[in-house]
Amino acid sequence: QVQLVESGGGLVQSGGSLRLSCAASGRAFSSYGMGWFRQAPGEEREFVATINRSGVSTYYADSVKGRVTISRDNAKNTVYLQMNSLKPEDTAVYYCAASKYSSSSDSYTDYNTWGQGTQVTVSS
């Protein structure tokens, strides 16, 4: 069972950048696909990006594609979300999650372990 802790959120101006980190503890981190989701106040949880266990396969939501890069370093038990050209509509709590499976997925139902979230606020 893997446990996840997000960090790197904060306040940034529109057009700025942030790199979120998700540190994993527990066994067999490299066996899991990983994902990033976000949730704004009053909104449903939204898929952002996903990566398979080896890092070879990635997939992004249309709303962030071209501005966001997901990566992982299995040796450090960490997954990252590099976000550039941030917009006010990117403001949300960002969660990392570990999949039940080794593959990447854009469906939250495929994830069974979640971090506590990190707040990202983009000012206009």
Side-chain angles (χ1 to χ4, degrees):
Q1 186 66 237
V2 63
Q3 298 179 359
L4 308 173
V5 179
E6 303 95 335
S7 63
L11 176 64
V12 65
Q13 276 192 318
S14 180
S17 298
L18 284 174
R19 189 177 75 160
L20 307 183
S21 297
C22 178
S25 61
R27 304 172 70 178
F29 169 76
S30 63
S31 296
Y32 298 97
M34 298 291 295
W36 285 95
F37 293 78
R38 66 187 184 186
Q39 188 167 21
E43 301 292 333
E44 297 295 319
R45 182 167 43 188
E46 178 187 26
F47 166 76
V48 177
T50 185
I51 189 167
N52 79 326
R53 66 178 180 179
S54 69
V56 171
S57 178
T58 59
Y59 181 71
Y60 301 93
D62 289 340
S63 60
V64 301
K65 194 172 186 178
R67 302 187 295 117
V68 166
T69 302
I70 187 171
S71 61
R72 68 190 298 162
D73 187 338
N74 287 343
K76 296 181 178 180
N77 286 185
T78 303
V79 63
Y80 304 97
L81 189 71
Q82 177 68 47
M83 302 189 293
N84 304 316
S85 301
L86 285 164
K87 306 173 182 179
E89 51 262 46
D90 295 319
T91 295
V93 177
Y94 283 71
Y95 300 90
C96 66
S99 175
K100 305 173 185 177
Y101 316 108
S102 62
S103 59
S104 57
S105 175
D106 62 358
S107 175
Y108 73 90
T109 60
D110 287 338
Y111 297 84
N112 64 351
T113 304
W114 296 83
Q116 64 188 35
T118 185
Q119 177 71 48
V120 171
T121 302
V122 184
S123 62
S124 59

Query raised in the report: Where do Thr69 and Tyr60 land on the side chain to side chain contact (heavy atoms under 4.5 Å, CB included) test, with the steps shown first?
Result: CA-CA 8 Å; Thr69 302; Tyr60 301 93; 3.8 Å; yes
Query raised in the report: Hey, any chance Leu86 and Tyr80 share a hydrophobic cluster, counting ILVMFWY side chains that come within less than 4.5 Å of each other, even indirectly?
Result: no
Requested in this report: Say whether, by atom type as modelled, one donor and one acceptor occur between the side chain of Asn52 and the main chain of Gly55 under 3.5 angstrom.
Outcome: yes
Query - Mutual orientation of the aromatic rings belonging to Tyr59 and Phe47 [parallel < 30°, tilted 30-60°, perpendicular > 60°] - result: parallel
**Report entry** Rounded distance (nearest 0.5 Å) linking atom CZ of Arg19 with atom CD of Gln82
**Finding:** 7.0 Å
Query raised in the report: Considering all heavy atoms of both residues, which atom of Ala97 and which atom of Trp114 are nearest to each other, and what is their separation?
Result: CB-CE3, 3.5 Å
Query raised in the report: What's the spacing between Tyr108 OH and Gln39 CD if we round to 0.5 Å?
Result: 10.5 Å
Report task. Examine distances only and state if a side-chain atom of Thr78 and a backbone atom of Asp73 form a donor-acceptor pair shorter than 3.5 Å. Result -> no
Query raised in the report: Judged by atom type as modelled, is there a donor-acceptor pair below 3.5 Å linking the side chain of Gln116 to the main-chain atoms of Glu6?
Result: no
Requested in this report: Side-chain contact test, heavy atoms from C-beta onward, threshold under 4.5 Å: evaluate it for Ser123 versus Gln13 and give yes or no.
Outcome: yes
Report task. Look up atom CZ in Arg53 and atom CZ in Phe29, then write down how far apart they are to the nearest 0.5 Å. Result -> 13.0 Å
Requested in this report: Please say whether more than 12 non-hydrogen atoms of neighbouring residues, nucleotides or ligands are located less than 6.0 Å from NZ in Lys76.
Outcome: no
Requested in this report: Could you tell me the separation between the CZ atom of Arg38 and the OG1 atom of Thr91, rounded to the nearest 0.5 Å?
Outcome: 9.0 Å
Report summary line: Rounding to 0.5 Å, atoms CE (Met34) and OH (Tyr111) come to a distance of 8.5 Å
**Report entry** Backbone N/O of Ser105 and side chain of Thr50: donor-acceptor pair under 3.5 Å
**Finding:** yes
Query raised in the report: For atom CD of Gln3, is the number of surrounding heavy atoms from other residues, nucleotides or ligands below 6.0 Å larger than 12?
Result: no
Query raised in the report: Any side-chain heavy-atom pair from Thr118 and Ser7 closer than 4.5 angstrom?
Result: no
**Report entry** Flag, side chain of Asp90 to backbone of Ser14, donor-acceptor distance under 3.5 Å
**Finding:** no
Query raised in the report: According to a 4.5 Å side-chain heavy-atom criterion applied to Ile, Leu, Val, Met, Phe, Trp and Tyr, with indirect links allowed, do Leu20 and Phe37 form part of one hydrophobic cluster?
Result: no
Requested in this report: State the CG-OG distance between Asp110 and Ser103, to the nearest 0.5 angstrom.
Outcome: 7.0 Å
Query raised in the report: Do the side chains of Ile51 and Met83 join up, straight or via other hydrophobic residues, at under 4.5 Å, putting them in one cluster?
Result: yes
Query raised in the report: Any donor and acceptor pair, going by atom type alone, linking the side chain of Lys87 with main-chain N or O of Val122 inside 3.5 Å?
Result: no
Query - Pi-cation contact, Tyr32 with Arg72 (under 6.0 Å, within 45°) - result: no
**Report entry** Heavy-atom side-chain proximity of Glu46 to Ser63 below 4.5 angstrom
**Finding:** yes
Query raised in the report: Any chain of hydrophobic side-chain contacts (each under 4.5 Å) joining Val120 to Ile70?
Result: yes
Report task. Decide yes or no for Tyr95 and Leu4: does some side-chain heavy atom of the first lie under 4.5 Å from some side-chain heavy atom of the second? Result -> no
Report task. Mind listing the closest non-hydrogen atom pair of Thr113 and Val2 along with its distance? Result -> CG2-O, 2.9 Å
